[in-house]
Amino acid sequence: MRPIFGLRTNLVLNIHCFSNSKLQRIFITSSSPKQPINDVTLLIASDELQRCTSLTTLRKLHAKIFSYGLYHTSLWTKIAALYVSFERVDAAKFAFEFLSNPSSYLWNILIRGYATHGFFGQSLGLYREMMQKGLKPDKFTFPFALKCCAGLSDLNVGRLVHQHLVCCGCSHDVFVTAALLDMYAKCSHTEAARLVFDKMSVRDVVCWTSMISGYAHNGCNSETMVFFDLMRASGVQSNRVSILSVLLACGNLGALRKGEWLHSYVIQTGFEHDILVATAVMDMYTKCGSLELARRLFDDTPGKDVVCWSAMIASYGIHGQGRKSLDVFNDMLRAKVKPNHVTFTCILSSCSHSGLLEQGKKCFESMAKDFGISPQLNNYACMVDLLSRSGQLSEAEELIQNMPVEADASIWGSLLGACRIYGNLDLAERIADRIFELDPFHAGYHVLLSNIYAAKSRWKEVERVRRMMVRRGTNKVQGLSLIEFNNVVHKFGVRDRSHPQSNKIYDLLDELVGPMKRLGYVPLIDFVLHDIEEEAKEEALLYHSEKLAIAFGLINTPPGTPIRVTKNLRICGDCHNAIKIISRIVNRIIIVRDMYRFHHFEDGHCSCGDYW
DNA sequence: ATAGGGTTAG
């Protein structure tokens, strides 16, 4: 064996005399740092770091390098980078702090490390520190600083980073701009994202996808669809991520025809075997109202993971088929796929929609007992909802008070919803103030309370709540209903007359109201908040957005075909009654998706069994 | 060395 220590000129030659494993052994096993430190030791250490593939080896090497007193920037940079690659950002930070003058490269590695593991605050802290030290962030720094702003939804810091990257001359880098665009989109500022997008001279698939996904996640569903088509028209090949976003938007719109086209596109482009895409297609079918197509795809998908199984459970849930959800859950356990807390959220909400109180309770108990999953806020929320809807109001209140996490407005809101169903004004009054404290600008809770008063003919209080809403300036969301026809999604608001077929639509509703009343339809005027005459209240109800969309469907679609409508809010009680009767009069299946679930109306009945 | 991502209560 030749000596491992030699002259610099012999270095390469000497190193090559050893096999890789031998090199490693010699470096690791040499017990004390008595040998002289020279270039060779450094080179060997560096070589071993290069080949290091496990955290254990890295720790040993790190200790060795430290005990040898090898305080070279290049080695410690490698050590830090390796710790980041093994997801040990804090260990990397330790190595980083050891250096008096870490390079920008190493700063970037750490900023990236914190950002990609969700430690956004720490990452931004380092970014600030880097600038205080007089180091200039570069095109590798900004994407991660922006990712942190996006992750924190912090538009103010995001804007500062934007200014800074312009000053640093990085505003033309494609990675930086894509991250900038994404930051604005994730901070719900789609207009600013669009400005960034429009200014780009070169747009790759990632930039297009950031814009598409930004639109999709901000509810700009039509824009998502348009941009997906524009991207393909401009010659950019879509990939799995852009397809995921467009499927999300398509599901939000409830555009089944377009969705079927997208499914065939997925098959054509070879993404059908991608479990993420397959799950998204399934979810799209579910949200477009076709449980059958969702189930068929589910059965045809091999290698289902926990997300895919949970999605199928959720599908049956929002269509009100709780027992099927439980069947799928049992199949999942038989397939040896481990459920997570989302799976339980899906099951519990499914039980809640179907009124399966005992089964839901059992699942909730078994979460921790049999699966070692401690319930999270969502799981408690479902459980409170299940108890509330089932009429166990005091049990629900007790659970809220005893759960280890602080209840938010929406959990109390479930209980308030149950107060409306069961006419419990005392409890409603008792919890309303707390809800308004937690979320003072939510129009829905005010409307709910007002409806509870209205049901008891307490008109003075109805008026008081109405004034409260005006005073607080609650964020009223306009009710919208969508219906797809001939590949176009038609949109209707309350008393909307902007549609070209408005006259026909209003005429049809006016014609229908007589036969509806003969079949027992009584307008539920306590769903009208305004202080107006009875007759006007009836009229206000008749032109609710969901009724307009259904009338449009009746006019334009062939007899016997189902009508599918998507509503952005919860379906109103009067519409629910009216649509049941309309389904009988016109002999059509009418499928309405509201904010929370599906209602399949047929021959005077609804699949929810009026339990919603 | 870098950006975009499927299921989740009300």
Side-chain angles (χ1 to χ4, degrees), chain A residues 81 84-85 104-106 108-109 111-113 115-116 138-147 150 170 173-183 185-186 204-214 216-217 238-245 247-248 251 271 274-284 286 304-315 317-318 339-350 352-353 376-386 388-389 408-418 435 439 442 444-445 448 569-570 594-597 612:
Chain A
V84 169
S85 76
S104 294
Y105 173 82
L106 188 52
N108 288 344
I109 294 274
I111 290 169
R112 185 191 71 185
T116 47
D138 59 21
K139 61 175 188 165
F140 293 102
T141 325
F142 289 117
F144 298 107
L146 290 164
K147 186 194 176 80
C170 288
D173 180 79
V174 67
F175 285 87
V176 175
T177 15
L180 183 63
L181 196 168
D182 192 56
M183 181 276 293
K186 293 237 165 73
D204 65 2
V205 65
V206 178
C207 302
W208 276 101
T209 307
S210 294
M211 197 65 235
I212 289 171
S213 125
H217 289 278
S238 51
N239 62 12
R240 62 195 310 230
V241 187
S242 49
I243 291 173
L244 291 174
S245 293
L247 284 167
L248 177 71
F271 286 110
D274 185 318
I275 186 72
L276 270 81
V277 175
T279 306
V281 175
M282 252 178 64
D283 184 56
M284 176 278 295
T286 300
K304 294 183 263 285
D305 63 4
V306 59
V307 179
C308 188
W309 282 99
S310 306
M312 193 67 239
I313 292 169
S315 299
I318 60 167
N340 60 21
H341 71 94
V342 178
T343 317
F344 280 100
T345 303
C346 299
I347 297 171
L348 292 171
S349 91
S350 181
S352 182
H353 285 309
Q376 297 193 0
L377 186 72
N378 280 359
N379 304 120
Y380 281 108
C382 293
M383 205 51 214
V384 168
D385 191 55
L386 174 61
S388 304
R389 278 178 208 264
D408 60 15
S410 67
I411 294 184
W412 287 107
S414 302
L415 191 53
L416 189 66
I435 296 177
D439 193 352
H442 194 288
Y445 302 137
L448 207 48
L569 301 174
R570 204 175 119 108
D594 73 6
M595 203 175 178
Y596 302 124
R597 63 166 298 154
W612 50 283

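Predicted model only: the values in this text are computed from it and were never measured. Numbers restart at 1 for each chain; the letters A, B, ... are given by sequence-line order, proteins then strands.
- Taking every side-chain heavy atom of A:N378 into account, B:dA9 is the closest of B:dG5, B:dG6, B:dA9.
- Distance alone, capped at 3.5 Å, places no donor-acceptor pair between the A:S352 side chain and the A:L348 backbone.
- Within the 4.0 Å cut-off from OP1 or OP2 of B:dA3, not a single side-chain nitrogen or oxygen of A:K186 is found.
- Remark: A:H341 is not in phosphate contact with B:dT7, judged by side-chain N or O atoms under 4.0 Å from OP1 or OP2.
- Nearest to the side chain of A:D408, among B:dG4, B:dA9, B:dG6, sits B:dA9.
- Nearest to the side-chain atoms of A:I411 among the listed nucleotides B:dA9, B:dA3, B:dG4 stands B:dA9.
- Using modelled atom types, no side-chain atom of A:N379 and backbone atom of A:C382 make a donor-acceptor pair closer than 3.5 Å.
- The base of B:dG10 is not paired with the side chain of A:S414 by any donor and acceptor separated by under 3.5 Å.
- Between A:R240 and A:D274 a salt bridge is recorded (basic side-chain N to carboxylate O distance below 4.0 Å).
- Nucleic acid contact for A:I275: base, since at least one base atom lies under 4.0 Å from a heavy atom of the residue.
- Backbone-only contact: A:D283 has heavy atoms under 4.0 Å from sugar-phosphate atoms and none from a base.
- Put simply, the side chain of A:D408 gets close to the backbone of A:I411: a donor and an acceptor are under 3.5 Å apart.
- Going from atom CE of A:M282 over to atom C1' of B:dG6 covers 10 Å, rounded to whole Å.
- For A:K139 and B:dA3, the shortest distance from a side-chain N or O to OP1 or OP2 is not below 4.0 Å.
- A:D274 comes within contact range of no nucleotide atom at all, as no heavy-atom separation falls under 4.0 Å.
- In this model, no side-chain donor or acceptor of A:S210 finds a partner on the base of B:dA3 within 3.5 Å.
- Residue contacts for A:D204: at a heavy-atom cut-off of 4.0 Å it reaches a base atom on one of the strands shown.
- If you check every strand for non-hydrogen atoms under 4.0 Å, A:N239 touches a base.
- A:H341 has its ring centre no less than 6.0 Å from the ring centre of A:F344.
- Residue-level contact check: A:H353 touches the backbone only, with heavy atoms under 4.0 Å from sugar-phosphate atoms and none from bases.
- Nearest to the side-chain atoms of A:T279 among the listed nucleotides B:dG6, B:dA3, B:dA9 stands B:dG6.
- By the stacking rule of 5.5 Å between ring centres and under 30° between planes, A:F175 stacks on the base of B:dT2.
- Each of A:V277, A:T279, A:D283 was compared with A:V281 under the side-chain contact (heavy atoms from CB on, under 4.5 Å) criterion, and only A:V277 meets it.
- Listed nucleotides: B:dT8, B:dT2, B:dG4. Nearest to the side chain of A:D182: B:dG4.
- Between A:Y596 and B:dA9, no base-stacking contact is recorded for ring centres under 5.5 Å apart and planes less than 30° from parallel.
- Of the candidates B:dG4, B:dT8, B:dG10, the closest approach to any side-chain atom of A:C346 belongs to B:dT8.
- Residue A:S410 places its side chain closer to B:dG10 than to any other of B:dA3, B:dG10, B:dG5.
- Among the heavy atoms of the strands, none lies under 4.0 Å from A:D138.
- Judged by atom type and distance alone, A:N108 reaches the base of B:dA1 through a side-chain donor-acceptor pair under 3.5 Å.
- For the pair A:R389 and B:dG10, the criterion of a side-chain N or O lying under 4.0 Å from OP1 or OP2 is met.
- For A:F144, whose side chain is taken as the heavy atoms from C-beta onward, the closest listed nucleotide among B:dG6, B:dT2, B:dA9 is B:dT2.
- Using a 4.0 Å heavy-atom distance criterion, A:R112 is classed as a sugar-phosphate-only contact.
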